[in-house]
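Right, one structure below, let's go through it.
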Amino acid sequence: MSDKHTIYSAFAAKIDAALDAMVTAGTLPADLDRKNVSVEPPRDPSHGDLATNAAMVLAKPAKTNPRALAEQLVEHLSADSAVTSAEIAGPGFINLRLDEQIWRDEVLAIATLGEGYGRSAMGAGTRVNVEYVSANPTGPMHMGHCRGAVVGDALAGLLEFSGHDVTREYYVNDAGGQVDTLARSAHIRYREALGEDVGEIPEGLYPGDYLKPIGQALADKFGDQYVGADESEWLIEFRGASVAAMMELIKADLTLLGIHHDIFASEAELQAAGKPEVAEAWLRAHDLVYDGVLEAPKGKAPPEDWEPVELPLFRSTKFGDDQDRPIKKSDGKWTYFGADLAYHMQKAEAADELIDIWGADHAGTVKRIKAAVAALSEGQGKAIPFDVKLVQMVQLLRGGEPLKMSKRSGNFITIQDMVKEVGKDVVRFTMLTRKPDAQMEFDFAKVVETSKDNPVFYVQYAHARIQSTLRKAADEDLAPSADDLSHLTGQELDMIKQAAQFPRMVESAARAREAHRIAFFLQDLASAFHTYWNAGNDDPEKRIIVPQNRAVSAARLFLSVQIGQVLRNGLGILGVQAVEEL
RNA sequence: GCGCCAGUAGCUCAGCUGGAUAGAGUACCUGACUACGAAUCAGGCGGCCGGAGGUUCGAAUCCUUCCUGGCGCGCCA
């Protein structure tokens, strides 16, 4: 189950050993930096099974030329029984061809490891906290949150699969002014529930119908005692009830998407526990917070009501930000940033590494929070790797026509609408067919199409086709068997080679924190299977089920089962259910 | 004005942190169903990787500088 069992890392080790031998023999200087040495499949399969750039990377520091170095390496590598040929190509690549048995063994490895195929120990149990969604508890989720939710959840799944100890966390912003606004909006619905005609919801409050049930619940609970009452009498009560209700809505949406967080961290509780004060004290002690006056904002928008005020400022400029940032407002309350800073300190206490998934509209605040974590990780006495992944906007379309989204009017498209219409798996997979830091379009008409235009369908179809083939085989009294895999040749070996890349795809995707690569890999593998399957249309001898040749059929069925396994493992990372039939 | 993201085939997008002749799908053209599901497959057409400089054995990828589009930018959240 360890990464040592993958073909690519096995050969990386062999090349490493060959280099060691050359060092011992005195033909290569010791202490060369080998981190840029790669072992990869060549882009062009006709070049061989594996390629390494070792000779090119090391030639210069070794003060020799690439070809001379490559010749020595080839000599060592040719001695390996698994290598059928080793050639120097182009500017100094070494191309290796491997014994076919190596690839057949990989099919067995998939079978043996099953759901564990592709898992790796790369993460080494590193505790990674992934914070995602964190939508404000002022209403149900909408599309803007959805992509971040899916991307974050898939990333968490990917990191788990690659051996990290992942915590999925949601930061509940239940302390700012927006929850007071929520409470006031709920108060209106409360009066409405008691029979009052409240008319149009005033500007600045939340108009959505989703507040009507909470208004009713408050009416049931309190009767009319707060109808004419001063805000100070009911605000806290209404706020708590509304936030709780909104979180229930959001959790329901998340459940629809198959997302479950381990921790819902409350900003209000964080503040009540005095965490921001602790952070401030530490930062002041290290001269990272000081009392100062902000410069008037630059730019074209003239600051009409700008007044210079002294505020506690965090020295984010010391860490690359454009200006220092206030952690408290002039009314003495914490700014969002001040609380968020303390929140990240809290997360860092229980994690080795932090990842935030944010919407692109928060891009402007990335620098300051990175600065804060950089400063605070010193306080923890360890460097906390911290990454903010920005997820760009999604534009909703139907048949190429943009769908209007208006939160103001309250009739925006909800997650519930979307999942109901196209299904959880389609939403998740589609959101992952584009790298997150580029904008994407989501066309309702397209994602439900059962065609190649729709990648979800395409991958699912490959999996379903495998299952259907197995059912058909059972009817013919044929079963998958690994008794004689030497029947697997040609196109079958090609497909194995492709599937065999799954473990290294997982690792490189995990390293880059990019779950979408898994989605693309699955499309390629599905395509390979469809191609393979279809070869039987032209030539019945190439079908998976060849009734007159049971040994061949058994081997091909075995291979198909393992391809299905890899597809399932990949879909599993993305949180998409593999289907048995369409 | 500043920051972040993007710019790759007509269109939608990949490109595995610097590798070999830049890849898929779609559209268009040609071909394949007495079927383990043709919801698919095979072949063809299609490129100054936004422009210009630079770094090195080697650049779509890194640096500089422009251009275009998106998103942001005060004690909001």
Side-chain angles (χ1 to χ4, degrees), chain A residues 36 38 40-44 47 51 53 56-57 59-60 65-66 89-93 95 136 138 173 176-179 294-301 303 305-307 309 311 321-323 325-331 333 335-338 340 359-367 390 392-393 433-435 437-441 443 446 449-455 457-458 461-462 464-465 468-473 475-476 478 501 504-505 507-509 511-512 514 516-517 520-521 523-524 527 530-538 540 543-547 553 556-557 560 581-582:
Chain A
N36 289 326
S38 67
E40 293 176 339
R43 189 175 294 170
D44 183 346
H47 288 144
N53 62 356
M56 286 182 293
V57 173
K60 198 169 190 178
N65 71 71
F93 285 101
N95 292 326
N136 283 340
T138 55
N173 300 129
Q178 83 280 2
V179 286
L294 282 176
E295 287 173 37
K298 296 168 185 132
K300 52 191 171 183
D305 54 348
W306 179 260
E307 290 173 17
V309 179
L311 293 167
D321 200 1
D322 311 322
Q323 68 178 122
R325 304 291 175 177
I327 60 172
K328 268 185 191 169
K329 301 186 264 189
S330 50
D331 65 3
K333 289 183 182 163
T335 61
Y336 180 86
F337 171 64
D340 204 23
D361 49 345
H362 290 76
T365 63
V366 171
K367 276 186 180 174
L390 292 177
Q392 293 287 332
M393 305 285 112
T433 53
R434 186 86 162 89
K435 60 183 176 212
D437 44 12
Q439 291 152 257
M440 85 176 292
E441 294 177 348
D443 194 319
K446 266 193 183 156
E449 260 177 40
T450 55
S451 78
K452 207 159 55 172
D453 208 15
N454 178 357
F457 167 77
Y458 190 72
Y461 182 37
R465 208 170 212 183
S468 130
T469 306
L470 287 170
R471 288 191 293 270
K472 173 81 180 180
D475 291 345
E476 308 239 0
L478 280 166
Q501 295 198 36
R504 59 179 287 277
M505 279 308 304
E507 288 199 359
S508 70
R511 220 183 313 277
E514 290 183 348
H516 73 275
R517 291 189 197 175
F520 282 95
F521 170 82
Q523 287 182 70
D524 288 344
S527 173
H530 286 307
T531 299
Y532 173 57
W533 193 92
N534 207 255
N537 269 350
D538 299 331
R543 293 191 176 180
I544 295 171
I545 297 174
V546 186
S553 302
R556 289 177 180 173
L557 284 166
S560 302
E581 55 189 329
L582 291 165

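Lettering follows sequence order; numbering is per chain, from 1. Given the structure is predicted, the values throughout are model-derived calculations rather than measurements.
Two residues are said to be in side-chain contact when any heavy atoms from C-beta on lie closer than 4.5 Å; A:Leu390 and A:Asp437 fail this criterion. Counting heavy atoms from C-beta outward, A:Gln523 and A:Thr433 have side chains that approach closer than 4.5 Å. No side-chain heavy atom of A:Thr365 sits less than 4.5 Å from a side-chain heavy atom of A:Phe337.
Comparing A:Trp533 and A:Thr365 by the nucleotide of RNA chain B whose heavy atom lies nearest to each, the residue mapping closer to the 5' end is A:Trp533. Checking A:Ala360 against A:Gly536, the closest nucleotide of RNA chain B that is more toward the 5' end is the one next to A:Gly536.
Of the candidates B:rC41, B:rC76, B:rG70, B:rC76 carries the atom nearest the A:Lys329 side chain, counting heavy atoms from C-beta on. Among the nucleotides B:rA77, B:rG3, B:rC75, the one closest to any side-chain atom of A:His362 is B:rA77. When distances are taken from the side chain of A:Ser330 to each of B:rC75, B:rA6, B:rC41, the shortest belongs to B:rC75.
The strand RNA chain B forms stems, runs of 3 or more Watson-Crick or G-U wobble pairs with distances below 3.5 Å, at B:1-7 with B:67-73, B:10-13 with B:23-26, B:28-32 with B:40-44, B:50-54 with B:62-66.
Scored by the ring pair (Phe, Tyr, Trp, His ring centres under 6.0 Å) test, A:His530 finds A:Tyr458, A:Tyr461 as partners (sequence neighbours excluded). Not counting sequence neighbours, A:Arg434 has no partner by the salt bridge (Lys or Arg N to Asp or Glu O under 4.0 Å) test. A:Tyr532 is linked by a side chain to side chain donor-acceptor pair (under 3.5 Å) to A:Glu492, counting only residues two or more places apart in sequence or in another chain. Partners of A:Lys435 by salt bridge (Lys or Arg N to Asp or Glu O under 4.0 Å), not counting sequence neighbours: none found. Listed by chain and number, the residues in a ring pair (Phe, Tyr, Trp, His ring centres under 6.0 Å) with A:Phe521 are A:Phe502 (sequence neighbours excluded). Annotation: salt bridge (Lys or Arg N to Asp or Glu O under 4.0 Å) contacts of A:Asp340 (sequence neighbours excluded): none. Under the rule for a salt bridge (Lys or Arg N to Asp or Glu O under 4.0 Å), the partners of A:Arg511 that lie at least two apart in sequence or sit in another chain are A:Glu507. A:Asp321 meets the side chain to side chain donor-acceptor pair (under 3.5 Å) test with A:Ser316, A:Arg325; sequence neighbours excluded.
For B:rC11 and B:rC5, the P atoms lie 25 Å apart once the distance is rounded to whole Å. Using atom P as the reference point in both B:rG50 and B:rC13, the two lie 15 Å apart (nearest Å). Remark: the separation of the P atoms in B:rU12 and B:rA27 is 15 Å, to the nearest Å. One C1' atom belongs to B:rC62, the other to B:rG19, and the distance between them is 14 Å to the nearest Å. Here the separation of B:rU17 from B:rA9, taken at their P atoms, is 23 Å to the nearest Å. With P as the reference atom, B:rG70 and B:rU40 are 35 Å apart, rounded to whole Å. Nucleotides B:rG43 and B:rC66 place their P atoms 46 Å apart, quoted to the nearest Å. Taking atom C1' in both B:rG10 and B:rG1, one finds a spacing of 37 Å when rounded to whole Å.
When the P atom of B:rC73 is taken as reference, atom CD of A:Gln323 falls 13 Å away, rounded to whole Å. Going from atom CG of A:Asp340 over to atom C1' of B:rA77 covers 10 Å, rounded to whole Å. Note: NZ (A:Lys367) to P (B:rC73) measures 15 Å, nearest angstrom. Rounded to whole angstrom, the span from the CG atom of A:Asp443 across to the P atom of B:rU26 amounts to 16 Å. As a whole-Å value, the separation of A:Glu441 CD from B:rC11 P is 12 Å.
Residue contacts shown for A:Ile544 include a base, since a base heavy atom lies under 4.0 Å away. Residue contacts shown for A:Val546 are absent, as no nucleic acid heavy atom lies under 4.0 Å away. A:Gly177 comes within 4.0 angstrom of sugar-phosphate atoms only, judged by non-hydrogen atoms across all strands, and of no base. Residue-level contact check: A:Thr335 touches the backbone only, with heavy atoms under 4.0 Å from sugar-phosphate atoms and none from bases. Looking at heavy-atom distances under 4.0 Å, A:Pro326 makes contact with sugar-phosphate atoms alone, never a base.
Within the structure, a side-chain polar atom (N or O) of A:Arg465 is placed less than 4.0 Å from OP1 or OP2 of B:rA38. Using a 4.0 Å cut-off, no side-chain N or O of A:Tyr461 falls inside it from OP1 or OP2 of B:rC41. Residue A:Lys60 places at least one side-chain N or O under 4.0 Å from the OP1 or OP2 atom of B:rC57.
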Where do N or O atoms of nucleotides 43-45 of chain B meet protein N or O atoms at under 3.5 Å, pair by pair?
none

Could I get a table of every N or O pair under 3.5 Å where one atom is in the protein and the other is in nucleotides 28-33 of chain B?
none

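Across every non-hydrogen atom of A:Ser553 and A:Pro547, the tightest pair is OG-N, 4.4 Å. Scanning both residues, A:Pro66 and A:Ala59, for their nearest heavy atoms gives N-CB, 3.5 Å.
Panel note: side chain A:Gln178, backbone A:Asn173; a donor-acceptor pair is recorded below 3.5 Å. Between the A:Asn53 side chain and the A:Asn36 main chain, a donor and an acceptor come within less than 3.5 Å of each other.
Nucleotide B:rG74 is shown with a syn base, its glycosidic torsion being within 90° of 0. Taking the syn range as angles within 90° of 0, the glycosidic angle of B:rU61 is outside it, so the base is anti.
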Contact letters for nucleotides 15-21 of chain B, in which S counts primed atoms plus P, OP1 and OP2 and B counts the base, heavy atoms under 4.0 Å:
SBS-BB-
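Between A:Lys472 and the choices A:Ile545, A:Ile544, A:Leu478, the side chain to side chain contact (heavy atoms under 4.5 Å, CB included) rule is met once, by A:Ile545.
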